[in-house]
Number of protein chains: 2
Amino acid sequence: MSTSCLQTIRSNYARLSDKEKIIAKYIINHPQTIIHSTINEVAEKLNVADATVFRFCKRVGFKGYQAMKIALASEIMTPAQQILEEIKEDDNERIVAEKIFKSNIKTLEYTLQVLDEASLNKAVQLLLHASRIHFYGTGGSAVIAMDAYHKFIRTGIQSFAFIDSHFQLMSASQLTGKDVAVIISHSGTNKDTLNILNTANENGAHTIAITSYPKSYLSNHADVTLLTSSEETEYRSEALASRIGQLSLIDALYANVMMRNKKDSEQALNKIRTTISGTRME
Amino acid sequence: MSTSCLQTIRSNYARLSDKEKIIAKYIINHPQTIIHSTINEVAEKLNVADATVFRFCKRVGFKGYQAMKIALASEIMTPAQQILEEIKEDDNERIVAEKIFKSNIKTLEYTLQVLDEASLNKAVQLLLHASRIHFYGTGGSAVIAMDAYHKFIRTGIQSFAFIDSHFQLMSASQLTGKDVAVIISHSGTNKDTLNILNTANENGAHTIAITSYPKSYLSNHADVTLLTSSEETEYRSEALASRIGQLSLIDALYANVMMRNKKDSEQALNKIRTTISGTRME
DNA sequence: TCCTCTAGTGAAATATTTTTTCATAACTTA
DNA sequence: TAAGTTATGAAAAAATATTTCACTAGAGGA
């Protein structure tokens with residue numbers, strides 16, 4: 001069972017019998033409940049025989065009800081894990097670290113979940129065919145832009161990132177229709193960032209936005225928008241938490257471009273290696 | 001059950017009886033197996049009575065064996081998810097992104113796993129009592145140092161990060177016994193970075209290393225070492241993958257310092273907010 | 001020392017839950 | 001319409017989990 005079991009149920013839905021469809025619907029809508037129910041309880045709730053539920057489990061590929069329950073449990077996070085645990089005053093260092101890491105993991109899971117396939121494809125295509133890529137980010141997002149630069153310089157495509165907002169604006173004014181501007185902004189509302197977006201657009205450059213707000217100006221005016229997502233906690237702002245999603249999104253773009261552009265990339269990588277041999281590369 | 005169940009078992013270990021300790025060990029070492037075993041099988045394997053296993057489940061806080069199994073299943077990832085999938089030539093964009101995200105998630109899980117409690121505690125203490133914190137990183141790790149700077153500036157403790165290796169060395173030479181140098185280097189062997197470490201040490205500053213190599217010079221000569229971990233894939237170097245672990249480690253340090261230093265931090269945060277109101281903060 | 005008392009344990013009894021079997025109904029198709 | 005097929009539930013059987021009870025060993029007290 002390599003695919004997820006909810007997925008399996010969904011894809012088998014068409015060839016299920018009527019009663020089985022009822023069961024499938026119930027499981028898909030209440031996987032949490034199933035985990036803590038016996039086969040009787042489920043059967044009774046749905047007014048079908050236990051045997052029918054059991055046969056359903058077999059039909060969708062499990063050894064039995066128990067096996068399905070276990071598979072569901074592995075797939076669905078328990079509410080305890082799903083609820084982002086707040087850091088408490090008396091948490092020790094280890095617990096705080098665990099909560100932060102789990103929150104980061106959750107951010108990644110959620111960002112992956114909201115990742116739109118069409119947007120991703122378009123972004124990868126734009127980057128692959130760009131003659132230059134400029135990464136822009138202000139404040140905390142500047143770090144991500146720098147990281148992106150560090151990655152993409154290995155692809156063989158000319159890449160740039162500027163920290164200073166004046167340099168950013170200057171470089172944006174130099175963009176052309178063959179270039180791509182990747183603009184990273186958690187809120188999508190930072191003035192400097194929007195200035196860059198407008199300048200890039202005016203010059204006919206393609207624009208890719210990485211932001212947490214789908215309704216922001218940035219989202220609405222970029223050619224492609226990639227969304228990150230995160231939750232705010234008392235000791236860490238939403239913006240801080242979203243960083244990890246942005247970073248992974250860049251990773252994903254990079255890996256895609258790298259893979260689809262293998263030959264060119266390898267040349268570039270070798271060139272870099274030769275240049276900085278002497279100091280250890282990282 | 002807010003904490004994880006393996007964690008609960010571990011923390012209850014001391015007050016378990018002999019037989020129960022055997023059971024606890026088995027579960028901690030083979031959680032995967034438990035998920036697919038009946039209570040008999042476990043009891044037989046360990047040469048104890050079913051009742052003993054059952055009592056164990058209750059003792060550590062579950063309703064019964066079934067409940068424990070479900071909890072374990074929710075906690076443990078299935079093997080399919082655990083195996084790091086290599087990116088293949090014919091993977092589409094979405095699949096590549098999924099693999100990258102999963103690899104990042106795995107990196108976080110593993111980094112958390114190898115996080116040493118004593119080192120973490122010491123690091124937090126050093127940072128809390130530092131009069132200044134300098135973050136150092138070269139190449140890709142420079143980005144992490146910058147990120148750390150952006151975070152820690154909110155704690156009210158004076159923080160710095162330098163990108164240029166000359167500035168780095170200059171600033172390191174200004175460190176005193178009241179200061180902390182956080183040195184980030186994936187390999188722990190970059191020459192510039194080691195120079196900084198030595199300079200910091202000579203000046204009596206406390207040093208915290210964040211690296212993937214526990215046997216590196218950096219590890220061996222820093223006051224505290226925090227380890228990250230990652231796996232290399234064809235389209236992404238180990239160093240690139242470790243970034244996400246470094247970032248989360250910084251997050252964890254930041255959250256800890258922030259929490260334990262709440263009052264001072266709030267003042268600092270307000271000051272920043274006032275200063276940069278006008279442009280949207282992130 | 002001897003006698004409680006307690007905690008820990010396993011075997012067996014019981015209860016619960018799952019799985020199988022079988023009979024029947026409903027629906028197809030020739 | 002008859003034979004075959006599929007879907008279903010009821011009940012039996014099997015598997016599994018939980019409870020009870022009796023025994024043991026060790027701790028503490030008279």
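Note on naming: letters A, B, ... go to the chains in the order of the sequence lines (proteins, then strands), and numbering restarts at 1 for each one.
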Working note: B/I23 + B/T52, criterion side-chain contact (heavy atoms from CB on, under 4.5 Å); need CA distance, chi angles, decisive distance, verdict. CA-CA 9 Å; B/I23 299 167; B/T52 305; 3.9 Å; yes
Taking only residues at least two apart or on different chains, which pairs with a member in residues 54-64 of chain B satisfy salt bridge (charged side-chain N to carboxylate O under 4.0 Å, His left out)? B/E20-B/R59
Out of the candidates A/L249, A/V143, A/L247, A/I210, only one should pair with A/I184 under the side chain to side chain contact (heavy atoms under 4.5 Å, CB included) rule; please name it. A/I210
Calculate the interatomic distance between B/K69 atom NZ and C/dT17 atom P; express it in whole Å. 14 Å
Would one find more than 12 heavy atoms of other residues, nucleotides or ligands at under 6.0 Å from atom NZ of A/K25? no
Backbone N/O of B/S219 and side chain of B/T225: donor-acceptor pair under 3.5 Å: yes
Can you confirm whether more than 12 heavy atoms, excluding those of A/N29, are under 6.0 Å from its CG atom? yes
Give every residue pair that meets the salt bridge (charged side-chain N to carboxylate O under 4.0 Å, His left out) criterion with at least one member in residues 33-47 of chain A, sequence neighbours excluded. none
Student check: side-chain heavy atoms of B/E117 and A/N92 closer than 4.5 Å: yes
Does a donor on one side chain sit under 3.5 Å from an acceptor on the other, for A/S212 and A/T228? yes
Using chain A heavy atoms and a threshold of under 4.0 Å, write down where along DNA chain D the contacts begin and end, 5' to 3'. D/dA7 to D/dA10
Please walk me through it: do A/K151 and A/D251 pass salt bridge (charged side-chain N to carboxylate O under 4.0 Å, His left out)? CA-CA 8 Å; A/K151 284 179 176 134; A/D251 268 4; 2.4 Å; yes
NZ/NE/NH1/NH2 to OD/OE distance under 4.0 Å, A/D147 and B/R243: yes
Please write out each protein N/O paired with an N/O of nucleotides 19-24 of chain C under 3.5 Å, distance rounded to 0.1 Å.
| unit_1 | atom_1 | unit_2 | atom_2 | d |
| --- | --- | --- | --- | --- |
| C/dT19 | OP2 | A/Y65 | N | 2.8 |

Has A/N40 got a side-chain N or O lying under 4.0 Å from the OP1 or OP2 atom of C/dT16? no
Would you call the rings of B/H221 and B/Y217 parallel, tilted or perpendicular, taking 30° and 60° as the class edges? parallel
Check DNA chain C for consecutive Watson-Crick or G-U pairs with both distances under 3.5 Å and list the runs of at least three as stems. C:1-30 with D:1-30
Mind calculating the distance between NE2 (A/H36) and P (C/dT17) to the nearest angstrom? 15 Å
So, with a heavy-atom separation below 4.0 Å from DNA chain D, the residues of residues 17-28 of chain A are A/S17, A/K19
Stepwise side-chain contact (heavy atoms from CB on, under 4.5 Å) check, A/I27 with A/L72: CA-CA 9 Å; A/I27 294 177; A/L72 270 173; 3.9 Å; yes
